[in-house]
Protein chains: 2
Amino acid sequence: MARSPSARRGAAGRRNARAIARYRLVQDGLTNRIEKGEYAPGDRIPTEKELARLYGVSVGTVKTALLQMVHQGLLHRIQGKGSFVSGSLIGRDQLRLYHFVEGFDDDDAPLQVRFLALHVGVRDLAAARWLRLKSGETMFRIDRVFAMGATPVVWTSSFLPQRLFAGLEQLPREAFETKPLYRLVEERYRLPTLRYQEMFSAVLSDGESGPPLAVPAGFPLLQIEMLALSFRDRPIEYRQSLCRTDRARLFRLPLRAPSSA
Amino acid sequence: MARSPSARRGAAGRRNARAIARYRLVQDGLTNRIEKGEYAPGDRIPTEKELARLYGVSVGTVKTALLQMVHQGLLHRIQGKGSFVSGSLIGRDQLRLYHFVEGFDDDDAPLQVRFLALHVGVRDLAAARWLRLKSGETMFRIDRVFAMGATPVVWTSSFLPQRLFAGLEQLPREAFETKPLYRLVEERYRLPTLRYQEMFSAVLSDGESGPPLAVPAGFPLLQIEMLALSFRDRPIEYRQSLCRTDRARLFRLPLRAPSSA
DNA sequence: GCTCATTTGTTCGTATGTATC
DNA sequence: TGATACATACGAACAAATGAG
């Protein structure tokens, strides 16, 4: 016989307008554990049966909670194997931050990364604002160039709060060239990039931006300002990029409305 | 007692590797009805109980199908009222195609639309390619300017397949100024914009693009090529836009990974 | 290659809570 | 207040994928 949702809460635990659904308790509990780093991206979480026992709910309720988290992009499930913590949004499927193509139906060529410099103790008003830093806090700045074959295409500066990324300056430069920055951040600091916001504008190259991109002054460049967000929409990276778009244009995959659920 | 999924299919209908889940049959059936226009955006579809009877499945199975469609963005459900067909992606929440801001945390001011011209029988190689037209097919071209107060910000040409939008040329120009184009297309031709793709580049203004945007030649402009997709990813509009970004930058809401489910 | 235990996927049925009109 | 419709919750059974033996 099916029990009512309030049956297990005793006489005083009757449902009211502000009552929280039990699957949401499971969902929030698991989400917190992931955010605290108890489960890292790639880890398998307990099975439905174990979770049902842990939280004192039915398997169906656990299933509801896990499916919500799948739709949020926090988990993925594999039949016969288990449920796993997902990592950064970028890198799933064909999703890539920089994706240059000739047309909508074009396949893109991956870009080669070249590390230029890492600065410590950086202060920058705009970057500090978007990263919501307290006054006086400093940042790392990582400069890189992305090239398409021999042609430099993107010149980018990434700003990261120094407080969150202790020891970053001790990494060898290869660390920044062999894998994308978001993956390094995810693996080493357990901060997956779950969402990001962007602002686009067009600017003219000058004496500073011209040489790294091998274009003369007065050349039109696409400027992208990107803010990467992790758990609870915490900003973890602010990136400013300048792109040559004379050979290929920047492509964006279809947008989907964020599901508020 | 619970019946097995194959129980109702008789002895010959045993499940095999290629068997399709029953909730998917409901999902596909409803999706087809929506695509055929039997249910238009805003319409209420039958209740769970009615659908269960119609498709010969349990209410729970119907629920699974409807929740999938909610996550696809095709439906939204309101407790106590029913399930409703959703319209275009754009216009939901704060989502807007053109969204110019000073910074990530900035509120934007809506843009005023000014209709310039509607051309009939247009041929354009690039546009025809993205819209997947048969050779010889013609398009409408609608030119508009979006302004922020007195300052023109976006100059845009929209290409629409003439075959899909019969009678568009007979609409008064007010029709293109009082409501967004995607809404006109959705309401009048029952083609909601469900997804869109974009390509970004930077160009210099010339004699043609300078005057409408009130900028001198050689001014950096953000170029956006947008392809709007409706049901079954059918392209319904190709739009080419040039934007001034000297006062405000183009903002894009967070991307979410497309749910393949 | 086969069997078996494990784990998620699908389906049914039922009961009750909550929002809407 | 009652009828209706969606939301939450439980339990049971079988299907399908995975991996170990």
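Naming convention: chains lettered A, B, ... in sequence-line order (proteins, then strands); numbering from 1 in each chain. Side-chain atoms are counted along with the backbone in the values below, which use heavy atoms only and exclude waters and symmetry mates. Worth saying up front: this structure is predicted, and the values here are computed from it rather than measured.
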Polar atom pairs between nucleotides 18-21 of chain D and protein, under 3.5 Å, N or O only, would you list them?
residue	atom	partner	partner atom	Å
dG19(D)	OP1	Lys81(A)	NZ	3.2

Residues which pass side-chain contact (heavy atoms from CB on, under 4.5 Å) with Pro180(A), listed by chain and number, not counting sequence neighbours: Tyr182(A), Arg183(A)
Under the rule for side chain to side chain donor-acceptor pair (under 3.5 Å), what residues qualify as partners of Glu35(A), not counting sequence neighbours? Arg232(A)
Any residue meeting side-chain contact (heavy atoms from CB on, under 4.5 Å) with Leu171(A), in chain and number order, not counting sequence neighbours: Leu168(A), Ala175(A), Phe176(A), Leu184(A), Arg188(A)
Nearest-angstrom distance from the residue atom CD of Glu48(B) to P of dC12(C): 14 Å
Can you tell me if Ser83(B) touches the phosphate of dC6(D), counting only side-chain N or O atoms and a distance under 4.0 Å to OP1 or OP2? yes
Using whole Å, what does the distance between atom C1' of nucleotide dT20(C) and atom CZ of Arg44(B) come to? 11 Å
Picking from dA9(D), dC6(D), dT7(C), which would you name as closest to the side chain of Thr61(A)? dA9(D)
Atom pair distance, as rounded to whole Å: CD in Glu50(B) and P in dT4(D): 11 Å
By the 4.0 Å heavy-atom rule, please label Gly82(A) as base, sugar-phosphate, or nothing. sugar-phosphate
dT10(C) P sits how many Å from Tyr55(B) OH, rounded? 18 Å
Could you give all pairs that pass the salt bridge (Lys or Arg N to Asp or Glu O under 4.0 Å) test and reach residues 49-68 of chain B, with sequence neighbours left out? Glu48(B)-Lys63(B)
Give a yes/no on whether any side-chain N or O of Arg77(A) is located under 4.0 angstrom from OP1 or OP2 of dG9(C). yes
Whole angstroms only, please: what is the NZ-C1' distance between Lys63(A) and dC14(D)? 12 Å
Can you check the Arg24(B) CZ to dG9(C) P distance for me, whole Å? 12 Å
Thr156(A) and Arg144(A) side chains, donor-acceptor separation under 3.5 Å: no
What is the ring orientation for Phe159(B) with Tyr238(B), classed by angle as parallel under 30°, tilted 30 to 60°, or perpendicular over 60°? tilted
Suppose we screen for side-chain contact (heavy atoms from CB on, under 4.5 Å). Which residues come up paired with Arg129(B), at least two apart in sequence or across chains? Asp105(A)
Rounded distance in Å - CD (Gln27(B)) to P (dG9(C)): 15 Å
Nearest to the Thr47(A) side chain among dT7(C), dG13(C), dT18(C), which nucleotide is it? dT7(C)
Rounding to a whole Å, what distance do you find between Tyr23(B):OH and dA15(D):P? 17 Å
